[in-house]
Protein chains: 2
Amino acid sequence: MKKLRIKDIANDLNISKTAVSFILNGVAQEKRISEELVERVERYIREVGFRPSPIARGLRTGKSNIIGLMVESISDPFFATIARLIENMAYKQGYRIIYCSTDNDTEKTKELINVLRERNVDGYIISPPPGVEKEINELIRAGLPVVMFDRYLPKVKTDYVVIDNEFSAENATRYLIHQGYRNIAFITFSSSLTQMKGRMKGYRTALKEEGLKPYVMEIDFTPEEKVMVQGVREFLAANPKLDAVLFGAIQAGSCGLKAITQLKLKVPQDLAVISFDDHDIFELFSTPVTAIAQPIDKIAHKVISILLERLEEGDNAAAPKEIVLKTKLKVRKSSVPAK
Amino acid sequence: MKKLRIKDIANDLNISKTAVSFILNGVAQEKRISEELVERVERYIREVGFRPSPIARGLRTGKSNIIGLMVESISDPFFATIARLIENMAYKQGYRIIYCSTDNDTEKTKELINVLRERNVDGYIISPPPGVEKEINELIRAGLPVVMFDRYLPKVKTDYVVIDNEFSAENATRYLIHQGYRNIAFITFSSSLTQMKGRMKGYRTALKEEGLKPYVMEIDFTPEEKVMVQGVREFLAANPKLDAVLFGAIQAGSCGLKAITQLKLKVPQDLAVISFDDHDIFELFSTPVTAIAQPIDKIAHKVISILLERLEEGDNAAAPKEIVLKTKLKVRKSSVPAK
DNA sequence: ATGAAAGCGCTAACAG
DNA sequence: CTGTTAGCGCTTTCAT
């Protein structure tokens, strides 16, 4: 049972390769191939289960039917969930996904873009690290659609899907203030990315309005989680006046909860807690944790549908879509009113 | 700045395509190309940053430098973590990953294997659903290396990396018994796969030794988590005699903890808990949950190194490696002695 | 040591 | 409406 080629089909049916190719590519009508022949070829193809080689096709057309997905780390539950949803929708349209974890590393990301590019990836979904503006702009100039999400690069004019970070953080902080908390920390990963800047800004705005003092801790990311947990623990221990904390991302929240557990702090009596992103751990923590939930389904849906649209229409001329989605503050017990 | 081809390099340097190709493929020595020319070509290539097209190469050689990774769901934290580790090691050896979520669906998996195959994926890492023996055997017959993990197919003779499920479950169950628990349930996803069978068997063995009665619940998987949580809740409510439960997988455990929380059961006073797989949620749950931790790093490492070895050596003749790794029972407060 | 040439499987321009 | 043909960029055999 050797692998069939278009040529074999043509031979078997005593017609030309071209005809088969046209039919395969759905241009039979405009090439004025008879209904009857189309039918005959299609039936035969179905019978023998022929599928044209995507590689040969790719070499010829420069298309691959592959979408490149670049996120900070595929093991992060936020990105993993998004990846899963995107995979599903892309698959239905005949696209496969090659994914890469950038580690938020500029050089690595540049190299990854190269790698994907030489595989003729048709479109890119990127949660970009800083510093890759040039490379992404080159993709766009080459007519390849790029959709950013989670964060964006202000200097790059292309579609993106993000959440309203500033408002979300401001809202959560203000909520803590209204609950009676006064010494509210913001703990997050150090980052120059838009989403973290927005969260920080929202936090500061809410505090300033009330004339409260900010306490900010930036965690240096390391793969050794223990080190980060210890960092948070030391920060909390060094600032006993704190009565509440807002975590700027799920990993920060997860490190923070571990630190809090180690310090045997009672939530919310000793320390109220809110974290960005929602996850099982927040629901199941000893005191369920109030979370700023991102609309993950909606993000994934928007991202992939924008990309598929660009891919189908080839309309890279259309104005970039800049989608900002709302988050939802899921109030749980970790942020009940201070006594 | 047009994209270079081998031909261009050859022209620029006034030599033949062949020479360049040989040098590119590291066979210069055995083709007896002069040191000096090799040096000259390599320098030029470095200077202009030339990289040969993997697609053209793929069409010609039938190799893709891509590894297919098929797991139940990439959003599952266990698989996402493994995927991440595998990605890293594969990348260093010049391999990219295309991933697919099988949903544990036999037909979908067959189709996915087809898709990967026609892309000339060089090797497969599969956490297989039942019923794909034939397809995998065909891959093997075609000389393509396949490494299974998490579970395996007894009828397929190929490498696999799993944990000692039976012993792990037996050990954990016995541990509960020794702590004084007598009515121990096993809650898991319904599955005919080796790993679940092993876990079930271990559980039953430990109970039988002590003449205890088994309480088994098989959760039907649905994407609607709420439905599954409710199922567990009803089961627990219907069996008030239970004093302990062993969850057969992390999702079961996570559903279970939610059910337990909803029922306001105290752990371990009302119900002791142990779960397969370890995760933040178990560490951070109101009563930290004893977990059977899989050696994730080691699994990923074994899987990818076995595959890379097969890929490098082309030694698909070598006997299949059947690796069984040990788990670690991480004892936490959810399983302290019954009063 | 090097070069010419065939061919991987497909698409699409062009000529009938 | 159909057939011929020229590549896409690379590897590799065979002849030089």
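Residue numbers start from 1 in every chain, and the chains themselves are labelled A, B, ... in the order their sequence lines are given, proteins ahead of strands. The shown structure was predicted, so the numbers you read here are calculated from the model rather than taken from an experiment.
- B:Ile55 comes within contact range of no nucleotide atom at all, as no heavy-atom separation falls under 4.0 Å.
- Considering A:Asp150, A:Ile304, A:Ile296 as possible partners of A:Ile82, the one that fulfils the side chain to side chain contact (heavy atoms under 4.5 Å, CB included) test is A:Ile296.
- Note that the OG atom of B:Ser21 and the CZ atom of B:Arg60 stand 10.0 Å from one another [nearest 0.5 Å].
- Contact annotation: side chain of A:Ser21 to base of C:dA12, donor-acceptor pair absent below 3.5 Å.
- You'll find a donor-acceptor pair under 3.5 Å spanning the side chain of A:Lys17 and the base of C:dT11, going by distance alone.
- Residues B:Thr18 and B:Ala56 both approach DNA chain D. Their nearest nucleotides, taken by heavy-atom distance, put B:Ala56 toward the 5′ side.
- The residue A:Leu24 sits apart from the nucleic acid: no heavy atom pair falls under 4.0 Å.
- Between the CD atom of A:Glu35 and the C1' atom of D:dT2 there is a distance of 17 Å, rounded to whole Å.
- Among the nucleotides D:dT2, C:dC10, D:dT4, the one closest to the side chain of A:Ser53 is C:dC10.
- Computed from coordinates, the B:Phe22 CZ to C:dG3 C1' distance equals 10 Å when rounded to whole Å.
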What do the steps show when you test B:Val147 against B:Lys302 for side chain to side chain contact (heavy atoms under 4.5 Å, CB included), and what is the final call? CA-CA 10 Å; B:Val147 181; B:Lys302 270 286 173 200; over 6 Å; no
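- One atom, CG of B:Asn14, and another, C1' of C:dG3, lie 13 Å apart when rounded to the nearest Å.
- Map B:Ser34 and A:Arg60 each onto its nearest nucleotide of DNA chain C; the residue landing nearer the 5' end is B:Ser34.
- The CG atom of A:Asn120 sits 17 Å away from the P atom of C:dC10 (whole-angstrom rounding).
- Between C:dG9 and A:Arg57, no contact under 4.0 Å exists linking OP1 or OP2 to a side-chain N or O.
- When the shell of 6.0 Å around CD of B:Glu47 is examined, it contains more than 12 heavy atoms from other residues, nucleotides or ligands.
- If you take NZ of A:Lys7 and C1' of C:dA12, they are 18 Å apart, rounded to a whole angstrom.
- Mapping A:Phe50 and B:Ala19 onto DNA chain C via the closest heavy atom, the residue that lands nearer the 5' end is B:Ala19.
- Per the geometry, CD1 belonging to A:Ile15 stands 11 Å off C1' belonging to D:dG3, to the nearest Å.
- Backbone-only engagement by B:Thr61 is indicated by non-hydrogen atom pairs under 4.0 Å involving sugar-phosphate atoms exclusively.
- Nearest to the side chain of A:Ile33, among D:dC10, C:dT11, D:dT2, sits D:dT2.
- If you take CZ of A:Arg5 and P of C:dT11, they are 14 Å apart, rounded to a whole angstrom.
- Across every non-hydrogen atom of A:Arg151 and A:Leu193, the tightest pair is NH1-CD1, 3.0 Å.
- OP1 or OP2 of D:dG3 has at least one side-chain nitrogen or oxygen of A:Ser16 nearer than 4.0 Å.
- Atom pair B:Leu59:CG and C:dT11:P shows a separation of 12 Å (rounding to whole Å applied).
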